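Worth knowing before you read on, the calculation uses all heavy atoms, side chains too, and leaves out hydrogens, waters and symmetry mates. These figures come from a predicted structure and were not determined experimentally. Along the sequence shown, residues are numbered consecutively beginning with 1.
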Amino acid sequence: MGPDTDEQWRRWIAPLLANLAADEADHRAWADHHGVGAAALADDAEFAARLAERGVLRPQDVPDLHAVARLCRALDGADAPTAEAVRAEARILARSILTARTGSWHHPLPRRVLPQRAHG
């Protein structure tokens, strides 16, 4: 991977996957602290999936990241039991991608980057 794709990994995909791979209690605490709902996670996941198509991840991981994006979108408005099952599936995929890329799914939870600062 070249420098551009490494930067995209560090800035967008790794933090998102670290968040989604976190244990449920850690993820909820992070989301509550940063005021991040399911819709924002879905937007981030869809953006990360588009980046992944450009070679940021191994080609075999791109469908998994698209699945993560679809799962995050399904979280928006889901009832609690459904959301828990969907989050569990997204967590498994996020952990798989992180482990394939870095050897471990344990990563620090990200500092929230606001979109207007991230693109500017």
Side-chain angles (χ1 to χ4, degrees):
M1 289 194 190
D4 289 343
T5 56
D6 288 341
E7 175 61 24
Q8 291 171 342
W9 165 259
R10 283 189 300 277
R11 186 165 185 147
W12 291 104
I13 298 174
L16 171 71
L17 292 176
N19 181 352
L20 295 173
D23 291 327
E24 185 65 24
D26 294 336
H27 168 76
R28 283 187 191 192
W30 181 92
D32 289 345
H33 176 76
H34 291 284
V36 175
L41 278 177
D43 290 344
D44 288 353
E46 289 167 354
F47 180 72
R50 287 192 302 274
L51 288 176
E53 290 174 343
R54 297 180 185 167
V56 177
L57 293 176
R58 301 174 316 158
Q60 59 267 37
D61 292 330
V62 173
D64 285 345
L65 192 53
H66 278 287
V68 166
R70 282 190 301 279
L71 290 165
C72 288
R73 188 59 66 197
L75 285 171
D76 195 16
D79 61 29
T82 301
E84 188 174 319
V86 170
R87 271 270 308 125
E89 192 172 346
R91 185 171 36 258
I92 289 167
L93 289 171
R95 287 177 177 184
S96 174
I97 295 167
L98 280 170
T99 300
R101 171 79 189 237
T102 68
S104 173
W105 65 265
H106 290 304
H107 292 268
L109 289 173
R111 187 186 97 247
R112 180 74 178 154
V113 177
L114 299 175
Q116 59 270 31
R117 293 181 63 193
H119 297 296

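The shortest non-hydrogen separation linking Ala94 to Ala21 is CB-N, 3.8 Å. The two residues Ala45 and Ala69 come nearest to each other via the heavy atoms CB-CA, 3.5 Å. Here the shortest heavy-atom pairing between Arg101 and Val56 reads NH1-O, 2.9 Å. Across all non-hydrogen atoms, the minimal contact from Ala78 to Ala74 is CB-O, 3.5 Å. When all heavy atoms of Ala18 and Leu109 are compared, the pair lying nearest together is O-CD2, 3.7 Å. In this structure, Ala40 and Val36 approach most closely via the heavy-atom pair CB-CG1, 4.0 Å.
Looking at Asp23 and Arg95, a side-chain N of the basic residue comes within less than 4.0 Å of a carboxylate O on the acidic one, giving a salt bridge. Look at Asp26 and Arg87 and you find no salt bridge, because none of the NZ, NE, NH1 or NH2 atoms lies under 4.0 Å from a carboxylate O. Salt bridge status for Glu7 with Arg10: present, with a side-chain N to carboxylate O gap under 4.0 Å.
Rounded to the nearest 0.5 angstrom, Asp61 CG and Ile97 CD1 are separated by 5.5 Å. Atom CG in Leu41 sits 5.5 Å away from atom NE2 in His27 (nearest 0.5 Å). Residue Asn19 holds its CG atom at 9.0 Å from CG of Asp44, rounded to the nearest 0.5 Å. Atom CZ of Arg91 is separated from atom CD of Glu84 by 8.0 Å, given to the nearest 0.5 angstrom.
Within the 4.5 Å cutoff, the side chain of Glu89 has no heavy atoms near those of the Val68 side chain. Taking the side chain as every heavy atom from C-beta outward, Leu65 and Leu17 approach each other to under 4.5 Å. In this structure, Leu20 and Cys72 have side chains that are in contact, with non-hydrogen atoms separated by less than 4.5 Å.
Applying the salt bridge (charged side-chain N to carboxylate O under 4.0 Å, His left out) test to residues at least two apart or on different chains, the pairs with a partner in residues 27-37 are Glu24-Arg28.
Grouping the Ile, Leu, Val, Met, Phe, Trp and Tyr side chains by contacts below 4.5 angstrom, directly or via other members, places Val62 apart from Leu51.
In this pair, His34 and Trp30 present their aromatic rings tilted. The plane angle is within the 30 to 60° band.
Between the Trp105 side chain and the Ile92 main chain, no donor and acceptor come within less than 3.5 Å of each other.
The environment of CD in Glu53 is crowded: more than 12 heavy-atom neighbours from other residues, nucleotides or ligands sit within 6.0 Å.
The side-chain hydrogen bond (donor to acceptor under 3.5 Å, both in side chains) test applied to His106 returns no partner, not counting sequence neighbours.
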